[in-house]
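The structure under discussion appears below in the form of structure tokens.
Proteins get letters first, then strands, A, B, ... in listed order; numbering begins at 1 in each.
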Amino acid sequence: MATEVHLLTHPFHPGQYVGPFTTAHPGLGGVCTFVGEVRGENGVEALELSHYEPLTLPGMKALAQRAVARFGLMGILVVHRSGVMLPGEPIVCVSAVASHRRAAFDAVDFAMDHLKSDSWFWKREKRCGTWRWIDPRPDDYAARDRW
Amino acid sequence: MATEVHLLTHPFHPGQYVGPFTTAHPGLGGVCTFVGEVRGENGVEALELSHYEPLTLPGMKALAQRAVARFGLMGILVVHRSGVMLPGEPIVCVSAVASHRRAAFDAVDFAMDHLKSDSWFWKREKRCGTWRWIDPRPDDYAARDRW
Amino acid sequence: MARLVFLGRLADLAGAGERAVEPGPLAEVLALLPPDLAIALLDERVRIALNGELVGGPESIVLRPGDELAFLPPVSGG
Amino acid sequence: MARLVFLGRLADLAGAGERAVEPGPLAEVLALLPPDLAIALLDERVRIALNGELVGGPESIVLRPGDELAFLPPVSGG
């Protein structure tokens, strides 16, 4: 299986996905994995991600396939949370397997940049009991435009 | 603990090190992990890494500390095998935890480049029952000199 | 009936994540909404998806029974 | 006695990973080794570590009893 995409509404352990994903690709040279977690800094009590199902999943699958084609991957795994998350909970896990390190590294970097700028996720943070929407940051677009 | 370095002579599962390492750093923003495995391509039956203990471990610890300082990491994990390995076995696992993705990514990339070019590991491959030493590749030095 | 779906802060403004509306030309549908909501929905940075497919602009849309029209404000950085 | 340690393919050439030698100036120690091994050990790409510390060159080394002198050829790429 070249691409594996999961949208989850419950907490997950990255290793439970990365382990079997890696095992499913014998002969690989390298695996690069990035896991992003909810930061608890600045008094953030919770983070909520909402999304529009009819766009999110097809968009993530298309991004995964683009990464495989562009970097010649053996496979890519994308796991993304939605719903309410607490500090320390993983939000996103991207893992790429390839024959060589550079391809695996660049693919994860590429996928993370595009997930952040192109994905249909809306975020809000809870601080002091109050929810507040998070606006786009210009540097997300700059990161995407590197590619 | 900011740096964690292990030199192993037996097979290991990266998740058994990355999981507890990640858990030990609450408040992190991102974890980047690279795992390199023995490739079975071109008829390679086994790979042997030998090293000179009095230099290897201090060298890897110093590299880990340089990476923490240079990229402002919360921590870095380096696990490296020596001895005889079969295709599919992990050789190296580097994992960096940081507040932000870019630092975690760059630190793993940096550590991998320097592990490959600066570490005191000698490799030989077994093909068709015959062991053959592997010479340095010029592009390893080029990769290190990026930094 | 057709459905309007509001994402992100548009859901706060609309008071709900979605709203059932009478089918018809979008201009007529929006005219029946609270003016501040209609104005927010027509912001040029708000993308529109009709039955799960992104479409260009709101000008030519005519809602038919069963249609789902989603309003997607700029997504959050992170 | 002192010890010479041979890494990588130098171990193949030496026929063993290490060798016990009489202490003394390194030039005298090497003179007692097989000439092809001595020449390989003095290759300018071979680094030298005395008791676990890298040292500059072989010229001034005098082995004392208990010393360990390691010869480190270029390490392998990946």
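Relative orientation of the F34(B) and F105(A) rings is tilted, given thresholds of 30° and 60° on the angle between their planes.
Heavy atoms of T22(B) lying under 4.5 Å from chain A belong exclusively to its side chain.
Residues of residues 91-98 of chain B having a heavy atom under 4.5 Å from any heavy atom of chain A: none.
In this structure a side-chain-to-backbone donor-acceptor pair under 3.5 Å is present from R39(A) to S99(B).
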Note to self: Between V108(A) and R101(B), is the side-chain contact (heavy atoms from CB on, under 4.5 Å) condition met? List the steps.
What the structure shows: CA-CA 11 Å; V108(A) 175; R101(B) 171 164 58 107; over 6 Å; no
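Ranked by heavy-atom pairs under 4.5 Å with chain A, the list G19(B), P87(B), G29(B) is led by G29(B). The residue among H13(A), E37(A), R102(A) with the most heavy atom pairs within less than 4.5 Å of chain B is E37(A).
Listed by first then second residue, pairs satisfying side-chain hydrogen bond (donor to acceptor under 3.5 Å, both in side chains) with a partner in residues 51-73 of chain A read H51(A)-T56(A), Y52(A)-E68(C), not counting sequence neighbours.
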